[in-house]
Colleague: 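Got a structure here, written out as structure tokens. Questions coming.
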Amino acid sequence: MQNLLHNLNPEQLAAVTLPAQSALILAGAGSGKTRVLTTRIAWLVQTGQISANGILAVTFTNKAAKEMLMRLSAMLPINTRGLWIGTFHGLCNRLLRAHHRDAGLPQTFQILDSADQLSFIKRLLKANNVDDEKYPPRTLMYFINGAKDSGLRASEVEAYDAIERKMVELYDLYDQQCQREGVVDFAELLLRSYELLSRNQPLREHYQARFKHILVDEFQDTNDLQYKWLKLLAGQHGAVFAVGDDDQSIYAFRGANVGNMSAFEREFRVQNLIKLEQNYRSHGHILDAANTLIANNSKRLGKNLRTDAGHGEPVRVYEATSDIQEAQWIVEEAKNLIREGSLRSEIAILYRSNAQSRVIEHSLFTSGIPYRVYGGQRYFERAEIKHAIAYLQLMDNPHNDSAFLRVVNFPARGIGARSLEQLQDAAKQYNLSLYAAVPYVAGKAGSSLSSFVKLIEGARFETQQLPLPEMVQIVLEVSSLIEHYQTEKEGADRIENLEQLVNAATLFVSEEGFGLDAPALAGPASQATPNVITIADGVEIIDADAALPAVMSPLSAFLSHASLEAGDNQAQAGQDALQLMTVHSAKGLEFDAVFISGLEEGLFPHENSAKEEGGAEEERRLMYVAITRARKRLYMSFSQTRMLHGQTRYNMRSRFFDELPEEAMKWLSPKTQPSWFASSKSAWDESPSTGANTIAQSFNKNAWRIGESVFHAKFGEGVIVNIEGSGANSRAHINFGRHGMKLLDLSIAKLDKIPG
DNA sequence: GCCCTACACCTTTTT
DNA sequence: GGTGTAGGGC
């Protein structure tokens, strides 16, 4: 016990040992929040207040869940595999598998990832002759997910115009088709388990009685449905231990609602609110920068981080002339750090959007520095893996039309658009899945389709007694996927990836405790071992064990895993490499040195954020997250020009520079924005849009030039992005940063030059 | 039925 | 700049 609690500071100790009531822990960045969460669980178990299976702990990312399990197994001498610790989606998946009948789902229901969902919607629109220009698939997807994230079914969504009415109608059709095919999207996992618990009283009461302690990580990221889900599961007596940081709420765009924190305080009658403000991560100047910046936000619960570490190094700021030069500067600085003894893996380069990684990668590649990019395409998202998975999906649930369409003619087996049209007609006529409709198609199309069905059924028969890895191996062969890629020029990598899938299956089966020889298709083990049956009001409840083998077959579990954990992109794993990632994916991580790049108006803060309510504050929180990733060294950079979407953009430096404390910063370049025409000619070379007339004008000392910084009485500082017309008729497009882009008549507008 | 080319659109972040 | 889709040619 003593060693469990020693080394905790007074606030952490108070949080860990709170009584069994709901509590809100406001945990600032680097204040030891994961430590508090895991120690709390260990303390509850060790003091005998609850057994390990009476605890439910929820996180948002698989990474966070794994981290928690790992730390916990170091503190407690128990098997952590059976613990209810996981992501919202992972836990809901388990619950729905265990109670699939009550939830109205087939045992082998499959999970659509975002890409699957989008193509599913495209197919739905086509099948119902809906104009996809009027109803863009992406818009419909956001509409459906938004409704589900608020806990609303189609029948409950209010529509205010004809477009919305149609979207509601499509939402309804979408749900019906998902049901027919036995597939669920991410939001559905939550909504369906919420409905399961709210409609089934004995089940609800059973789990309420079981989970007396619910712990939630990153509470600020919960959406309305997740909040309702927690409230339902906690019931009247459950104690919810919520840990969060309103300043790190960066997922409003996908439905997260920071308001849940104050709602929680009110509705759960929180008596215990503890703030963790002692930061153990960053040096003083870095923390000052973070505190000063975030103070510009109005809606805050109030919290200020402090540190015992000294000021440390100032935050270094660099202004580059181009994105290429910015990347070169970053690489040079990183080299210096490495020369001074830094580990490459302790240096992170952060950016706002994935597209920005390209230039930096190029620069790193040329310098021969190993690096690792997070995000981007992940293992289970690769086309060849998706194909192999689709064969496996059809063997587990043949009614998954998406899987059917993906591989019915891949590798090519002469089943073209015409055959599929006939099949789709038949499926519609008899209200069957494509797979089931195959016998109703006559002629040549019918026979090639039947041989595809025979292929799937043959594979299923051949592998029904085999363990998962062997099943995967056989599927790779009988599907002819390997053979197909052997004939393709660039196929070698793909074949290697496919063979990795067998290893992934082996690893998965052993990690989740299925046993290496358990038949892949065998149902859940709990049906054979009825010792988990509970009787409540005469109703039999098979209690869901947290361990996967108890609730699903190895194959179903593996397919869930592929959707829920897209898998790291395993590029250069294990090597000491520089870390490249978006600010979003850096949340929860920390590094000795951090570079925040592309700090320009329109990029960071992102221009799209201006349209969204509270968007500006969310961008500022994002910046706060970025700053607080750094332990010892922090670098910020921006560039005067940047290639984006194939054209050169001229951006102003980010407004965030005006919100940082002067004394913590060190500008490596003059702070006033110089006219870069004087210092760099490359801006001209890269900008074909500059007409001949403007080039001619540029030799006139008094004329305005593209790229020049100007000052306007009303709009403030701006940059000339383009000039049209000539002489007295010339007008300029000027980017005034937060005031937006303006088209001004140069002979009328009062503009001052800002000297370089 | 399949392959190739042209063009459109994109790009904020993710379970 | 890259990717996905549509349409035309074989």
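Small disclaimer: the values here were computed from a predicted structure and weren't measured.
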Colleague: Classify the nucleic acid contact of A:Ser563 as base, sugar-phosphate or nothing, counting any heavy atom under 4.0 Å across all strands shown.
Modeller: nothing
Colleague: With no hydrogens and no angle check, do the side chains of A:Tyr194 and A:Arg192 hold a donor and an acceptor under 3.5 Å apart?
Modeller: no
Colleague: Is a side-chain donor-acceptor pair under 3.5 Å present for A:Gln248 with A:Tyr624?
Modeller: no
Colleague: What is the separation between atom CZ on A:Arg413 and atom P on B:dC2, rounded to the nearest whole Å?
Modeller: 11 Å
Colleague: Side chains of A:Ser363 and A:Thr366 only: does a donor on one sit below 3.5 Å from an acceptor on the other?
Modeller: no
Colleague: Expressed in angstrom and rounded to an integer, what is the separation of A:Lys66 atom NZ from B:dT15 atom C1'?
Modeller: 13 Å
Colleague: Under 4.0 Å between any heavy atoms, over every strand shown, what does A:Tyr251 touch: base, sugar-phosphate, or nothing? Just pick one.
Modeller: sugar-phosphate
Colleague: Tell me what A:Ala417 touches on the nucleic acid: a base, only sugar-phosphate, or nothing, going by heavy atoms under 4.0 Å.
Modeller: sugar-phosphate
Colleague: Looking at B:dT11, I'd like to know if its phosphate oxygens (OP1 or OP2) sit under 4.0 Å from a side-chain N or O belonging to A:Arg138.
Modeller: yes
Colleague: Examine the base of B:dT15 for any acceptor or donor lying under 3.5 Å from a partner atom in the side chain of A:Ser114, and report the outcome as yes or no.
Modeller: yes
Colleague: Do the side-chain N or O atoms of A:Lys587 get closer than 4.0 angstrom to the phosphate oxygens (OP1, OP2) of B:dT13?
Modeller: no
Colleague: Just how far, in rounded Å, is C1' of B:dT15 from CG of A:Asp217?
Modeller: 14 Å
Colleague: Has A:Phe253 got its ring stacked on the base of B:dT13, with centres under 5.5 Å and planes less than 30° apart?
Modeller: yes
Colleague: Write down the distance between CD (A:Glu607) and C1' (B:dT13), rounded to a whole number of angstrom.
Modeller: 14 Å
Colleague: For atom P, what is the distance between B:dT13 and C:dG4, given to the nearest Å?
Modeller: 15 Å
Colleague: In whole angstrom, give the distance that lies between atom NE2 of A:His606 and atom P of B:dT13.
Modeller: 8 Å
Colleague: Taking only side-chain N and O atoms of A:Asn409, does any of them lie within less than 4.0 angstrom of OP1 or OP2 on B:dG1?
Modeller: no
Colleague: OP1, OP2 of B:dT14 versus side-chain N and O of A:Thr61: anything below 4.0 Å?
Modeller: no
Colleague: Rounding to a whole Å, what distance do you find between A:His89:NE2 and B:dT15:P?
Modeller: 9 Å
Colleague: Just by distance, with hydrogens left out, do A:Asp245 and A:Gln220 show a side-chain donor and acceptor under 3.5 Å apart?
Modeller: no
Colleague: Atom CZ of A:Arg418 and atom C1' of B:dG1: how far apart are they, to the nearest Å?
Modeller: 11 Å
Colleague: Can you list the steps and then say if A:Tyr351 with A:Phe604 is a ring pair (Phe, Tyr, Trp, His ring centres under 6.0 Å)?
Modeller: CA-CA 8 Å; A:Tyr351 33 80; A:Phe604 197 178; over 10 Å; no
Colleague: For A:Lys63, which contact category applies under a 4.0 Å heavy-atom criterion: base, sugar-phosphate, or nothing?
Modeller: nothing
Colleague: Looking only at side-chain N and O atoms, does A:Ser119 come under 4.0 Å of OP1 or OP2 in C:dG4?
Modeller: no
Colleague: How many Å lie between CG on A:Leu118 and C1' on C:dT3, as a whole number?
Modeller: 14 Å
